[in-house]
Amino acid sequence: MEKKAKNGKVTIANIIAIVGVVLLMVFTFIGHSFMSGGELGMDIVVSVAITAFIAFLVWFMIKAKGAENELAKWKKLEIATLVVYVVVAIPLSLYGGIMQFFIVNDNKERVKECAKDDLDRIDQMFLDYKEFEEQAIGRTSDGLSNAIKEGRRNDDLKEFMKTNHISASEEGVSAFKDLQMRLLVGSGYERLYTSFKEQRVKIEQSIDSWSMMQIPTKAKQIPALAESAQQELNTLSNGLYKIKEYQVKRFETAPLELKEAMQGTGGFSVKALLFVLLIHILILFNYVVAYRTSTLSINKRGRNDNGRILK
């Protein structure tokens, strides 16, 4: 057992404990980010809270162990704190994130596949949009051409053409078609699709390389990317002047899976348990070698801790 350090120097035991605390905080943070799906603020709060709680328990045990008065009381507090550490602190660190970290890593191929599938769903929404809008524009322009050729323009159609400045000629219909193509599947659409593809490459690179610090962020980014694309595409689509209701469609991706795959992956990892035990061995090492007072306490009957009567 080490002698009590009175000069405030950092000991090897301190360094070992600090390593354990750092490992606990880092892996709890990453694991909890898998559980939360990349909610950074909450991940920081949880990892700091768990680490601070465990560090406080160790500090208190060391303080109780080195107490030089009322030894019986401090001994009880020391034992009670150690029980809390084993019963509460170790399971808390295990299920506060570290267990999820190992479980997700054990299932990383499935997580990668879910990420790819989610990105494919967003990609397919872009392709569905382009196909649908091109067909809708084609049907609208064909309807206008036929109406002009056959002279079957009712009042609603006349009002539609007047509102959209379409002259009653093939040239007017062709100009309307070209305008709508430029607006809906031209530069605006291409800009959105190009931006998505650029972000997709970055997301896939992070997930394929299994960049653990970035994966939860990417899991949160994919749904945000899907929602943004949906809003943009539906805004563009609503700008098309369509004659028939069946030419109107709301674009949405199929349900996404990555976030659920990370959060919902359950089970138990022996590796996680062994890693947590290693972390706590490192943290508790400072307590194990900490100074314990050799002072004898005196009880109310005038006996010391060994039961001898003091004269």
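Along the sequence shown, residues are numbered consecutively beginning with 1.
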Passes side-chain contact (heavy atoms from CB on, under 4.5 Å), His32 versus Gln100? Steps please.
-> CA-CA 7 Å; His32 194 274; Gln100 189 71 9; over 6 Å; no
Should Val201 and Ile207 be counted in the same cluster of Ile, Leu, Val, Met, Phe, Trp and Tyr side chains packed under 4.5 Å apart?
-> no
Could you give the distance from CD1 (Ile54) to CD1 (Ile283), rounded to the nearest 0.5 Å?
-> 6.0 Å
Is Lys130 close enough and on-axis enough to Phe126, meaning under 6.0 Å and within 45°, for cation-pi?
-> no
side-chain contact (heavy atoms from CB on, under 4.5 Å) between Val58 and Val21, worked out = CA-CA 11 Å; Val58 175; Val21 168; over 6 Å; no
Any side-chain heavy-atom pair of Arg200 and Ile203 under 4.5 Å = no
Report the C-alpha separation of Ile98 and Leu24 in whole Å, then their side-chain angles, then the decisive distance to 0.1 Å, and conclude whether the side-chain contact (heavy atoms from CB on, under 4.5 Å) test is met.
-> CA-CA 8 Å; Ile98 295 179; Leu24 174 64; 4.0 Å; yes
Can you find a heavy atom in the side chain of Glu113 that is under 4.5 Å from one in the side chain of Glu257?
-> no
For Gly37 against Gln263, the heavy-atom pair lying closest together = N-NE2, 3.6 Å
Measure across Leu256 and Pro223 and return the closest heavy-atom pair with its distance rounded to 0.1 Å.
-> CD1-CA, 3.7 Å
Connected via hydrophobic side-chain network under 4.5 Å: Ile281 and Met25 = no
Which of Val111, Ile103, Val104 passes side chain to side chain contact (heavy atoms under 4.5 Å, CB included) with Phe34? Answer is Val104
Taking Asp118 for its side chain and Leu258 for its backbone only, find out whether a donor-acceptor pair lies under 3.5 Å.
-> yes
Decide if atom NZ of Lys177 counts as having more than 12 heavy atoms of other residues, nucleotides or ligands within a radius under 6.0 Å.
-> no
Taking C-beta and beyond as the side chain, do Met262 and Ile215 meet within less than 4.5 Å on heavy atoms?
-> yes
Taking the six-membered ring for Trp, are the ring centroids of Phe27 and Phe275 within less than 6.0 Å of each other?
-> yes
Listed once per pair and sorted, the side chain to side chain donor-acceptor pair (under 3.5 Å) pairs that draw on residues 81-91, sequence neighbours left out | Tyr85-His280
For Phe196 and Met125, what are the C-alpha separation, side-chain angles and deciding distance, and is it a side-chain contact (heavy atoms from CB on, under 4.5 Å)?
-> CA-CA 11 Å; Phe196 161 71; Met125 181 176 62; over 6 Å; no
Roughly how far apart are Asp106 CG and Phe101 CZ, rounded to 0.5 Å?
-> 9.5 Å
Taking the side chain as every heavy atom from C-beta outward, state whether Glu133 and Leu233 have any atom pair closer than 4.5 Å.
-> no
Can you tell me if Gln230 and Asn234 form a side-chain donor-acceptor pair at under 3.5 Å?
-> no
Can you find a side-chain donor-acceptor pair between Tyr129 and Glu232 that sits under 3.5 Å?
-> no
Shortest non-hydrogen contact from Ala13 toward Val289 | CB-CG2, 3.5 Å
Would you please say whether a donor-acceptor pair under 3.5 Å links the side chains of Tyr193 and Asp123?
-> yes
Out of curiosity, Ile222 CD1 to Lys220 NZ, how far, rounded to the nearest 0.5 Å?
-> 13.5 Å
Met35-Trp210 co-clustered via ILVMFWY side chain contacts under 4.5 Å | no
Side-chain donor/acceptor of Thr51 to backbone N/O of Ser47, under 3.5 Å | yes
Report yes or no: does Ser195 contribute a side-chain atom to a donor-acceptor pair with the main-chain N or O of Arg191 at less than 3.5 Å?
-> no
Give, for atom CD of Gln231 and atom CD of Glu227, the distance between the pair rounded to the nearest 0.5 Å.
-> 5.0 Å
Pair Asp120 + Lys116, salt bridge at N-O below 4.0 Å | yes
Closest heavy-atom contact between Gly96 and Thr28?
-> O-CG2, 3.9 Å
Are any of the side-chain heavy atoms of Met99 and Ser269 separated by less than 4.5 Å?
-> yes
Evaluate the side-chain proximity of Leu273 to Leu94: yes if any heavy-atom separation is below 4.5 Å, no if none is.
-> yes
Do Thr194 and Glu198 have side-chain N/O donor and acceptor atoms under 3.5 Å apart?
-> no
Nearest 0.5 Å, what's the CD-OG1 distance between Gln124 and Thr253?
-> 11.5 Å
Taken to the nearest 0.5 Å, the spacing of Ser33 OG from Ile44 CD1 works out to 10.5 Å
